[in-house]
Amino acid sequence: MKQLFIISFFCLLFSNTGLAQEEISLTVKDTVTTKYKEINPLSPAKAAFYSAVLPGLGQAYNKKYWKIPLVYGGLGLGIYYYTWNNKKYHEFRDEYKGRLDGTIKKGNSSIYGALDNDGLIRGQKFHQRNRDLSALITAGIYILNIIDANVDAHLLQFNVNENLSVRPELYQNETDYQFKTGLKLTYNF
């Protein structure tokens, strides 16, 4: 009885192996494709030149269209505040000059009649300082527009692939066998 049980056990065990003899073929496909773009060394210079000629054109050259409204919004606000402060400066100055030469008397002006001469001088200085500051900010936004187009064109050509990677990693300390966290910088040739 014991021999019959062992024989039947081995028959059942090896009977399924006949079905498992199908041949499976594996094909290895390369799923990582590396596209090497040709680097154009004049691309950053072109983008900077385009932005210098027409603000926002360098951003369009780099296909960063969302930055164009920011450039024109910043330049527009700077120009608006420059013209507004320039107009106010000239109003205060004309009122003060009119009082000095006697064509306007204190209290006759509907806007600045309540101000004395010191108030008119302070108003002139305030609006002159804000006008000059607005001109500097507008020039700064224009220069930042050119720098942004240049830097963005440089970064578009930067090679980012799996050969250079920074990955978090857990490693085991060899002295106390505790797991530690860290960053690993890997560069593969």
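Sequential numbering from 1 along the given sequence is applied to the chain's residues.
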**OP:** Could you walk me through whether Leu115 and Phe92 pass the side chain to side chain contact (heavy atoms under 4.5 Å, CB included) test, one step at a time?
**Re:** CA-CA 10 Å; Leu115 292 175; Phe92 276 100; 3.7 Å; yes
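- A side-chain donor-acceptor contact under 3.5 Å links Gln59 to the backbone of Asn145.
- One hydrophobic cluster holds both Leu57 and Tyr72 under the rule that ILVMFWY side chains link at heavy-atom gaps under 4.5 Å.
- Residues Ile68 and Val53 fall within the same hydrophobic cluster, defined by Ile, Leu, Val, Met, Phe, Trp and Tyr side chains chained together at heavy-atom separations under 4.5 Å.
- Shown here is Tyr61, whose OH atom has more than 12 heavy atoms of other residues, nucleotides or ligands within 6.0 Å.
- Residues Val71 and Gly56 share a closest heavy-atom pair of CG1-N, 4.1 Å.
- Checked by atom type, the side-chain pair Asn85/Gln128 shows no donor-acceptor distance below 3.5 Å.
- Distance CZ/Arg122 to CG/Asp116: 6.5 Å, rounded to 0.5 Å.
- Taking hydrophobic clusters as Ile, Leu, Val, Met, Phe, Trp and Tyr residues chained together by side-chain heavy-atom distances below 4.5 Å, Leu42 does not share a cluster with Phe49.
- Of the possible donor and acceptor atoms, none in the side chain of Tyr89 sits under 3.5 Å from a partner among the backbone N and O of Asn130.
- In this structure, the separation between CD on Gln124 and NZ on Lys97 is 9.0 Å, given to the nearest 0.5 Å.
- Open room surrounds NZ on Lys46; 12 or fewer heavy atoms of other groups in view lie less than 6.0 Å from it.
- Classification of Asp152 and Lys67 as a salt-bridged pair holds, one side-chain N sitting under 4.0 Å from a carboxylate O.
- Nearest approach of Ala48 to Ala149, heavy atoms of both residues: N-CB, 4.4 Å.
- Across Ile143, Thr138, Ile137, a single residue satisfies side-chain contact (heavy atoms from CB on, under 4.5 Å) together with Ile141, and that is Ile137.
- In this structure, CG on Asn150 lies 9.0 Å from OG on Ser51, to the nearest 0.5 angstrom.
- No side-chain donor-acceptor contact under 3.5 Å links Tyr82 to the backbone of Leu77.
- Looking only at side-chain heavy atoms (C-beta outward), Pro44 and Gln157 come within less than 4.5 Å of each other.
- Under the 4.5 Å side-chain heavy-atom criterion for Ile, Leu, Val, Met, Phe, Trp and Tyr, Leu75 and Ile146 are members of the same hydrophobic cluster.
- The closest side-chain heavy-atom distance from His127 to Trp84 is below 4.5 Å.
- By the 6.0 Å contact criterion, OH on Tyr80 is open, its count of non-hydrogen atoms from other residues, nucleotides or ligands being 12 or less.
- Pairing each heavy atom of Tyr96 with each of Asn117, the nearest pair is CE1-CB, 3.8 Å.
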